[in-house]
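Just so we're on the same page: letters track the sequence lines, and every chain starts at 1.
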Number of protein chains: 2
Amino acid sequence: MATRTPRTRRRAEALSRERIIAAAVELLDTAGESGLTFRVLTERLATGPGAIYWHVANKGELLGAATDAVVADAVAVTPGGSPDSPQEGVRAVALGLFDAIEQHPWLATQLAAQLSRNPWGPVTPRIFESIGRQVRAMGVPESDWTTATSALMHYVLGAAAQNAANVEGARALGPGADRAEFLDSVSAAWEELDPDEYPFTRAAADQMRGHDDREQFLAGIDFILSGVTARPPAP
Amino acid sequence: MATRTPRTRRRAEALSRERIIAAAVELLDTAGESGLTFRVLTERLATGPGAIYWHVANKGELLGAATDAVVADAVAVTPGGSPDSPQEGVRAVALGLFDAIEQHPWLATQLAAQLSRNPWGPVTPRIFESIGRQVRAMGVPESDWTTATSALMHYVLGAAAQNAANVEGARALGPGADRAEFLDSVSAAWEELDPDEYPFTRAAADQMRGHDDREQFLAGIDFILSGVTARPPAP
DNA sequence: ACCTGAACACCGTTCAAGT
DNA sequence: ACCTGAACACCGTTCAAGT
């Protein structure tokens, strides 16, 4: 936890788009999606709403910029130079996004909103590029680049979002509860489903307990990677 | 387009949770996500806000119920009995969701919100079950059920959402524009990206033009299916 | 060019009161 | 048990006015 913000805030430096975005990210991290309002943002920045609107068109653009800033940071990770193999490269990018979503739970919903409402914005190319480079390096034929890259991209974002929800769910259970405890409760709920309507889900519920999320996440990536590396069946 | 709603509405039958949800879906389809407000909902249902709150806890629950209703309808499709193979079964479920998202564009964002904010709600098991049954029928070892099913689920939802965004994008371009025109404009924008930062995306941009979305969507599924059917590399 | 802050239109939700 | 509708707290956004 960071040190408490002083009651009265003097503006440290001139207002700028960057400072507004940084404040937005901090607010999202601290107070969640519903905590980001122009009222508290103006308070934190010691200014009026009009000043913010001078630098940013509206709330949507602000959310998009906050998302882009965090994603840019996340996909930039290749700790210690280039990866051993393209497969390792995909895993590194995937884990970078996985961790970013875990640290900024609002990112999951926001990423989904960006991809589905504004897929031609800056966020999609950023993720697409960092995964696609590895796909190309894997020797996938050019005609399959887009398909392979988006299959990986969609899985990574979806699975990472699911994981973030588990973190949040555990937090909601109480300060003492950990993730295993939460997954147990979900698993228990799924085992209560109607046996006629949900036979598979009931049978699979047990697998949720005690597995490592990170390991499971990477296992899913390996599924896709092995399908991408092998030639798909001719149509 | 349906016949115009008469200016003055008399309540046809008693208010019920079902009628409220149906009105919400209709409103979302017609006016989009921002069009669903309690004001216009009370107007359409010829009632007051208190009456709605008697049947529904809050707006979030209403959105969840609307999403669940449409999803239940979408995954129920197995036209003409059982599929020829489990692989065909997966494709059928996937296309059911693909079409549902195309018909109800708000579903994409809403599905993402449900999966990431409330993954233990009724929506996730519904999709998980319908895909998982096919996975089990494919002879995937039980230890891989969860991983394989969620890899497929996340890809389907992500790619379908992307497609819905393309439909919306084309619509936003103007009434005369079709999807190909819109994809051309996205492709052109991506080709303008910085060559140093986005070499892969620029090279892949051309693949976006003139491909069939449905075919591309199914190709992605085949990638995952072929990875799921083959045993993954031992860890 | 950049910022102020009161004002506006609108939203989800509540609740005392009715039937 | 179910519904009414005025009222409340709060939100994003605008804009005339300042520097």
Side-chain angles (χ1 to χ4, degrees), chain A residues 7-68 106 109-110 113-114 117-118 121, chain B residues 7-68 106 109-110 113-114 117-118 121:
Chain A
R7 196 107 1 119
T8 11
R9 267 280 197 122
R10 199 78 67 78
R11 182 147 43 194
E13 37 181 333
L15 202 56
S16 68
R17 194 179 153 86
E18 287 70 39
R19 282 197 63 229
I20 294 171
I21 294 169
V25 170
E26 195 189 312
L27 209 44
L28 285 164
D29 288 347
T30 313
E33 220 164 319
S34 67
L36 176 64
T37 68
F38 277 80
R39 317 269 162 182
V40 338
L41 201 56
T42 56
E43 215 171 280
R44 291 281 179 97
L45 292 167
T47 182
I52 294 178
Y53 277 94
W54 177 260
H55 296 279
V56 158
N58 50 43
K59 192 176 181 179
E61 194 196 290
L62 179 56
L63 277 166
T67 303
D68 189 48
W106 53 272
T109 312
Q110 218 39 51
Q114 288 301 313
R117 259 196 284 258
N118 185 21
Chain B
R7 197 111 355 122
T8 12
R9 268 280 197 122
R10 199 79 65 78
R11 183 147 39 188
E13 35 180 334
L15 201 57
S16 69
R17 194 179 151 88
E18 287 71 38
R19 281 196 63 229
I20 294 171
I21 294 169
V25 170
E26 195 189 309
L27 208 46
L28 286 163
D29 288 346
T30 313
E33 220 163 320
S34 67
L36 176 65
T37 67
F38 277 81
R39 316 269 163 184
V40 338
L41 202 55
T42 55
E43 215 171 280
R44 291 281 179 96
L45 292 167
T47 183
I52 295 178
Y53 277 93
W54 176 259
H55 295 278
V56 159
N58 51 42
K59 192 176 182 181
E61 194 196 289
L62 179 57
L63 278 166
T67 303
D68 189 47
W106 53 272
T109 313
Q110 218 40 51
Q114 287 301 313
R117 258 196 285 258
N118 185 21

> Quick one: A:Glu43 CD to C:dG5 C1', roughly how many Å, whole number?
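Nearest whole value for this atom pair: 14 Å.
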> Between D:dT13, D:dC3, C:dC3, which nucleotide gets closest to the side-chain atoms of B:Thr47?
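In terms of side-chain proximity for B:Thr47, the closest of D:dT13, D:dC3, C:dC3 is D:dC3.
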> Working note: B:Arg19 + B:His55, criterion side-chain contact (heavy atoms from CB on, under 4.5 Å); need CA distance, chi angles, decisive distance, verdict.
CA-CA 10 Å; B:Arg19 281 196 63 229; B:His55 295 278; over 6 Å; no
> List for me each residue that meets salt bridge (Lys or Arg N to Asp or Glu O under 4.0 Å) alongside A:Asp29, sequence neighbours excluded, and say none if there are none.
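Checked A:Asp29 against salt bridge (Lys or Arg N to Asp or Glu O under 4.0 Å); zero matches.
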> Mind pulling the stems DNA chain D is in, i.e. runs of at least three Watson-Crick or G-U pairs, everything under 3.5 Å?
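Stem list for DNA chain D: C:4-8 with D:12-16, C:12-16 with D:4-8.
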> Just N and O in the side chain of B:His55: are any of them under 4.0 Å from OP1 or OP2 of D:dA1?
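No.
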> Identify the heavy atoms of B:Ala66 and B:Val25 that sit nearest to each other, and give their distance.
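Minimum heavy-atom contact is CB-CG2, 3.8 Å.
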> Let me know the distance between CZ of A:Arg17 and P of C:dC2, rounded to the nearest Å.
14 Å
> Output yes when at least one side-chain N/O atom of A:Trp54 is less than 4.0 Å from OP1 or OP2 of C:dC2, else no.
yes
> Want to settle it: does B:Arg39 or B:Gly50 sit nearer the 5' end of DNA chain C, counting the closest nucleotide to each?
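Looking at DNA chain C, the more 5' nearest nucleotide goes with B:Arg39.
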> Nearest-Å distance, OH (A:Tyr53) to P (C:dG5)?
17 Å
> Give the minimum heavy-atom separation between B:Ala23 and B:Leu41, together with the two atoms involved.
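So the minimum-distance heavy-atom pair works out to CB-CD1, 4.0 Å.
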> Base, sugar-phosphate or nothing for A:Leu36? Non-hydrogen atoms, less than 4.0 Å.
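A:Leu36: backbone/sugar contact only, no base atoms under 4.0 Å.
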> Using a 3.5 Å distance criterion without hydrogens, assess whether the side chain of A:Lys59 forms a donor-acceptor pair with backbone atoms of A:Leu36.
yes
> Rounded to whole angstroms, how far apart are CG on B:Leu41 and P on D:dG5?
16 Å
> Side chain of B:Ala51 only, heavy atoms from C-beta on: which candidate in C:dT4, D:dC3, C:dC3 is closest?
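Selected nucleotide (nearest to the side chain): D:dC3.
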> Using the rule given for side-chain contact (heavy atoms from CB on, under 4.5 Å), can you reason through B:Leu63 versus B:Leu28, listing the C-alpha separation, both sets of side-chain angles and the distance that settles it, and then say yes or no?
CA-CA 10 Å; B:Leu63 278 166; B:Leu28 286 163; 4.2 Å; yes
> In this structure, how many angstroms lie between the P atom of C:dC11 and the CD atom of B:Glu33, rounded?
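Distance, rounded to whole Å: 15 Å.
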> Measure from NZ on A:Lys59 to P on D:dC10 and round the result to the nearest Å.
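The distance from NZ of A:Lys59 to P of D:dC10 comes to 15 Å, rounded to the nearest Å.
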> Rounded to whole Å, please give me the gap between CG in A:Asn58 and P in D:dC15.
15 Å
> Rounding to a whole Å, what distance do you find between B:Ile52:CD1 and D:dC3:P?
11 Å
> Closer to the 5' end of DNA chain C via nearest nucleotide, is it B:Phe38 or A:Ser16?
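Closer to the 5' end of DNA chain C: A:Ser16.
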> Tell me the closest heavy-atom pair linking B:Phe38 and B:Ile52, and the distance in Å.
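Closest pair (atom of B:Phe38, atom of B:Ile52, distance): CE2-CG2, 3.6 Å.
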